Amino acid sequence: MTAPRVRIAPSPTGPLHIGTARTALFNYLYARHTGGTFVLRLEDTDQARGSLAYEKDILDGLHWLGLHWDEGPEVAGEAARGPYAPYRQMLRLPSYAEATERLLAVDAAYPCYCTPDELDADRKAQEAAKEPPRYSGRCAALTADERAARVADGRTAAIRFRVGSGVVAFDDIVRGRVEIDVSNLGGDFVIVRADGTPLYNFTVVVDDAAMDISVVIRGEDHLSNTPKQILLYRALEHPVPQFAHLPLILNPDRTKMSKRKSQTAVSDYIAEGFIREALVNYLALLGWATGTEEEVLSIDEIAERFDLSAVHKGGAVFDRERLEWLNGQWIRRLDPDDLVDRLRPFIEADLAAGRIDIAPTDEELRALLPVITERLPTLGAIGDLVGFLWVRDLAYDPALLVPKRWDEATAGEALRAARTVIAETGAVAFEADELEPPLRALAETRGWKVGDLFMAIRVAVTGRTATPPLFDTLVALGRERALERLDRAIAALQEGSVPR
RNA sequence: GCCCCCAUCGUCUAGAGGCCUAGGACGCCACCCUUUCAAGGUGGAGAUCAGGGGUUCGAAUCCCCUUGGGGGUACCA
């Protein structure tokens, strides 16, 4: 058996969808596992809905995920590669025309002059009669003279494919044997619009045949298209590829995942700070499992274990909580320098949005890593976590400076005492190990709970009650700025501006 | 309506006739660790395997029916 050829064929009618990414991933995994070829083809014939911006979003997203294709079109400065070019449908128009001629020549297809109004009326009548909608076959047996008459009438023709009769069966790699009676296909279907542009069911077959695609891996929503396509393969006298229909990714209400009910754009996940390792890991485990208890796996480890026939048949609800957990797992596994690089764009974004005033240097960020990695569910959480380090003026409710067990006077006194200790200690070496013992000693001699003292200091220097470890935070802030913030907190308490 | 597909904890899943009084993970709860928050560790609640019939010495696993859910029914992809 020769190496399989698989493909992802996105249509640039919207940003890269999670579902498309998952289908691309499974194709990629199958290709890598079997030593096959992964092809990218752009289905850009829907000129009305498609756009270049979407095209870029899709390609960028695929690249970002690490789903690099072996063959594909020229895009964003990248040259086309592969022996089956072109890899975009608008450039393949002649091949559809040629295929159409072949079908017409053997009468496997015929021109249909029905107007939209006629078709509409047919459909309505069928609906009223409680019959399943199907093409009436009005133009199926027109004589040459009758056709000529309609052309003379100025009518243009769509091309319909003769569906015939019988049962189409195929062995789906994930679903097993599927059989559909051709009489349920809705009659002869249109393959070329009256304006001459080809339709999906036709172009996929012509392209997949031309590109020698041997395994078609796609979403379950295409299952019912498959018999039509098999009929087309036969009429075109091309071997029928294998099919594998993947279970759908679902909204929480178990309907097909949609923009209306879920976050579906991959770019939105990227913008939130999900990392590719996590998204790939998560998506691969939606509808498929290794059969072992391994859960956190790299794309290469997954490719090694991947088995299309073990893919589930039932749909899977997209669970963001689990994705976040995996994201945390992967963030903690990242190499520190890599993490600094990946964090950078999020810091820049915070800066641009005015959420912070100063950007840390790589060294500063790197030093912070040990205390922030385990607190980062997403990269985008960096600002929430330690943004207080990079703002000039801290804004917070002074009431937070007073721990539950204390009153304002105690808080003020504690902060003054702490300030003195920190000022003295820091003069030698401003390090966590140097700061902690004297502050603990202070709490002890005064009979304060360490937690209370530390909390007062924490709020004074960060403006928040939940932060990374206090002493690391003080060090990251620097001696001068820490003292400055303590002074401001003390002043705030003295002004009596703390509502109880 | 018609056609097709599917069905194990809330969610993702293991399970391919006896190893299952159904295992893991996320989430949830408790405890431990602990200056807060996380992370980590330990433990717990949570599924009569949709229901009913078969087949079999034996069924979550095989067959049938019912129910429920989903997908498709375009001169969209």
Side-chain angles (χ1 to χ4, degrees), chain A residues 9-14 43 45-46 48-50 112 114-116 119 123 126-127 129-134 156-160 172 175 178-181 183-186 189-201 203-204 219-227 245 247-248 250 252-256 282 285-296 310 312-326 328-329 332 371-377 385 403 436 439-440 443 449-459 462 464-471 473:
Chain A
S11 179
T13 51
E43 309 225 318
T45 48
D46 191 338
R49 293 193 297 154
C112 169
C114 296
T115 63
L119 262 15
R123 212 179 332 265
Q126 286 161 344
E127 211 170 296
K130 299 220 179 252
E131 283 169 22
R134 73 188 339 265
T156 52
I159 307 297
R160 280 187 191 269
D172 191 284
R175 265 144 229 284
V178 178
E179 298 185 0
I180 297 177
D181 193 308
S183 65
N184 295 315
L185 261 29
F189 58 91
V190 175
I191 56 173
V192 181
R193 294 183 183 93
D195 70 2
T197 55
L199 255 16
Y200 171 75
N201 276 128
T203 57
V204 248
E220 190 198 325
D221 44 350
H222 285 288
L223 191 59
S224 47
N225 284 326
T226 308
H245 287 92
L248 262 19
L250 274 22
D253 65 4
R254 304 203 74 91
T255 53
K256 182 163 88 167
Y282 178 71
L285 263 25
L286 257 196
W288 175 75
T290 60
T292 68
E293 283 177 6
E294 302 168 301
E295 307 251 23
V296 184
H312 275 203
K313 297 175 185 164
V317 173
F318 189 89
D319 180 5
R320 189 194 160 95
E321 303 259 28
R322 194 174 154 80
L323 171 60
E324 275 188 21
W325 170 74
L326 265 175
Q329 292 293 319
R332 275 167 242 138
V371 296
I372 62 173
T373 47
E374 67 207 39
R375 282 166 242 269
L376 238 31
L385 221 207
E436 186 166 353
L439 284 168
R440 275 188 188 281
K449 290 249 185 199
V450 273
D452 289 341
L453 206 220
F454 290 5
M455 185 53 81
I457 301 172
R458 168 177 295 112
V459 173
T462 69
R464 338 189 27 157
T465 54
T467 71
L470 180 58
F471 305 103
T473 302

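Residue numbers begin at 1 in each chain, while the letters A, B, ... track the order of the sequences. The structure presented is a predicted model; accordingly, all values stated were derived computationally and were not measured.
Among the nucleotides B:rG24, B:rU36, B:rA74, the one closest to any side-chain atom of A:P133 is B:rA74. Candidate nucleotides B:rU35, B:rA74, B:rC75 were compared by shortest atom distance to the side chain of A:L119, and B:rC75 ranks first. Distance from the side chain of A:V317 is smallest to B:rC12 among B:rC12, B:rG70, B:rC37. Out of B:rA39, B:rG24, B:rU36, the shortest distance to the side chain of A:E374 is found at B:rA39. Closest to the A:R175 side chain, of the nucleotides B:rC6, B:rU73, B:rA25, is B:rC6. You'll find that the side chain of A:H312 is closest to B:rU13, out of B:rA74, B:rC26, B:rU13. Distances were taken from every side-chain heavy atom of A:R332 (C-beta onward) to each of B:rG24, B:rA74, B:rG40; the shortest belongs to B:rG40. Closest contact between the side chain of A:E321 and the listed nucleotides B:rC26, B:rG24, B:rC37 involves B:rC26.
In this structure, A:Q329 reaches the sugar-phosphate backbone alone: every heavy-atom distance under 4.0 Å involves primed, P, OP1 or OP2 atoms, never a base. Among the atoms of the strands shown, none is found under 4.0 Å from any heavy atom of A:R134. Counting non-hydrogen atoms under 4.0 angstrom, A:F471 reaches a base of the nucleic acid. Nucleic acid contact class of A:T465 (heavy atoms, under 4.0 Å, all strands): base. At a threshold of 4.0 angstrom between heavy atoms, the contacts of A:P469 include nucleobase atoms, whether or not backbone atoms are also involved. Using a 4.0 Å heavy-atom cutoff across all strands shown, A:N225 reaches at least one base atom of the nucleic acid. Residue-level contact check: A:A194 touches the bases, meaning some heavy atom is under 4.0 Å from a base atom. At the heavy-atom level, A:G186 lies nowhere under 4.0 Å from the strands shown. Within the 4.0 angstrom heavy-atom criterion, no nucleotide atom of any strand lies near A:L326. Across all strands, A:A158 comes closer than 4.0 Å to base atoms (heavy-atom distances). Residue contacts for A:R254: at a heavy-atom cut-off of 4.0 Å it reaches the sugar-phosphate backbone alone, with no base atom in range. A:L470 comes within contact range of at least one nucleobase, with a heavy-atom separation under 4.0 Å. A:P116 comes within 4.0 angstrom of no nucleic acid atom, judged by non-hydrogen atoms across all strands. Contact annotation for A:T197: no contact, since no heavy-atom pair falls under 4.0 Å across all strands.
Across all strands shown, the partner of B:rC28 is B:rG44, judged by Watson-Crick or G-U wobble contacts whose two distances both fall under 3.5 Å. A 3.5 Å limit on both hydrogen-bonding distances identifies no Watson-Crick or G-U partner for B:rU55. B:rA7 and B:rU67 make up a base pair, with Watson-Crick or G-U wobble contacts both under 3.5 Å. Summarising the base pairing, B:rU73 is matched to B:rG1 through a Watson-Crick or G-U wobble pair whose two defining distances lie under 3.5 Å.
With both ends at atom P, the span from B:rA45 to B:rG10 equals 15 Å, rounded to whole Å. Between the P atoms of B:rG18 and B:rA59, the separation comes to 11 Å (whole Å). Using P as the reference atom, B:rG72 and B:rC65 are 25 Å apart when rounded to the nearest Å. Nucleotides B:rC5 and B:rC32, compared at atom C1', are 48 Å apart to the nearest Å. The C1' atoms of B:rC3 and B:rU48 are separated by 35 Å, rounded to the nearest whole Å. A distance of about 24 Å separates the C1' atoms of B:rG54 and B:rA47, rounded to the whole Å. The same atom, C1', is picked in B:rA14 and in B:rC9; the two are 13 Å apart, to the nearest Å. With P as the reference atom, B:rC2 and B:rU8 are 26 Å apart, rounded to whole Å.
Side-chain N or O atoms of A:R254 include none that pairs as donor or acceptor with a backbone N or O of A:L250 at under 3.5 Å. Of the possible donor and acceptor atoms, none in the side chain of A:T197 sits under 3.5 Å from a partner among the backbone N and O of A:R193. Side chain of A:Y282 to backbone of A:D319: a donor-acceptor contact under 3.5 angstrom is found.
In terms of phosphate contacts, A:R440 brings a side-chain nitrogen or oxygen within less than 4.0 Å of OP1 or OP2 of B:rU35. Between A:K313 and B:rG70, a side-chain N or O to OP1/OP2 separation shorter than 4.0 Å is absent. Note on A:R160: every side-chain N or O is 4.0 Å or more away from OP1 and OP2 of B:rA74. OP1 or OP2 of B:rC76 lies within a sub-4.0 Å distance of a side-chain N or O belonging to A:R193.
Per the geometry, CG belonging to A:L199 stands 12 Å off P belonging to B:rU73, to the nearest Å. At whole-Å resolution of the value, CG in A:N184 and P in B:rC4 are 6 Å apart. Atom C1' of nucleotide B:rG72 and atom OH of A:Y200 are separated by 13 Å, given to the nearest angstrom. Nucleotide B:rA39 holds its P atom 11 Å from the CG atom of A:L385, rounded to whole Å. Regarding A:D172, its CG atom lies at a distance of 18 Å from the P atom of B:rG71, rounded to whole Å. Atom pair A:E436:CD and B:rU36:P shows a separation of 12 Å (rounding to whole Å applied). Regarding A:W288, its CH2 atom lies at a distance of 18 Å from the P atom of B:rA25, rounded to whole Å. Remark: P of B:rC76 and CD of A:E43 are 15 Å apart, rounded to the nearest angstrom.
For the pair A:C114 and A:L223, both in contact range of RNA chain B, the more 5′-proximal nearest nucleotide belongs to A:L223. In this structure, A:N201 and A:W325 both approach RNA chain B, and ranking their closest nucleotides by distance from the 5' end singles out A:W325.
The shortest non-hydrogen separation linking A:L223 to A:H245 is CD1-ND1, 3.3 Å. Heavy-atom minimum distance, A:F318 versus A:L323: CZ-CD2, 3.8 Å.
Salt bridge A:R175/A:E220: present, at least one basic N to carboxylate O contact under 4.0 Å.
In this structure, A:H245 does not count as stacked on the base of B:rG71 under the 5.5 Å centre distance and 30° plane angle limits.
Using a 30° and 60° split on the angle between ring planes, A:H222 and A:Y200 fall in the tilted class, from 30° to 60°.
Around the CD atom of A:E127, the shell of radius 6.0 Å holds no more than 12 heavy atoms that belong to other residues, nucleotides or ligands.
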Checklist entry - A:I457 and A:L439: side-chain contact (heavy atoms from CB on, under 4.5 Å), yes or no, with the steps? => result CA-CA 10 Å; A:I457 301 172; A:L439 284 168; 4.2 Å; yes
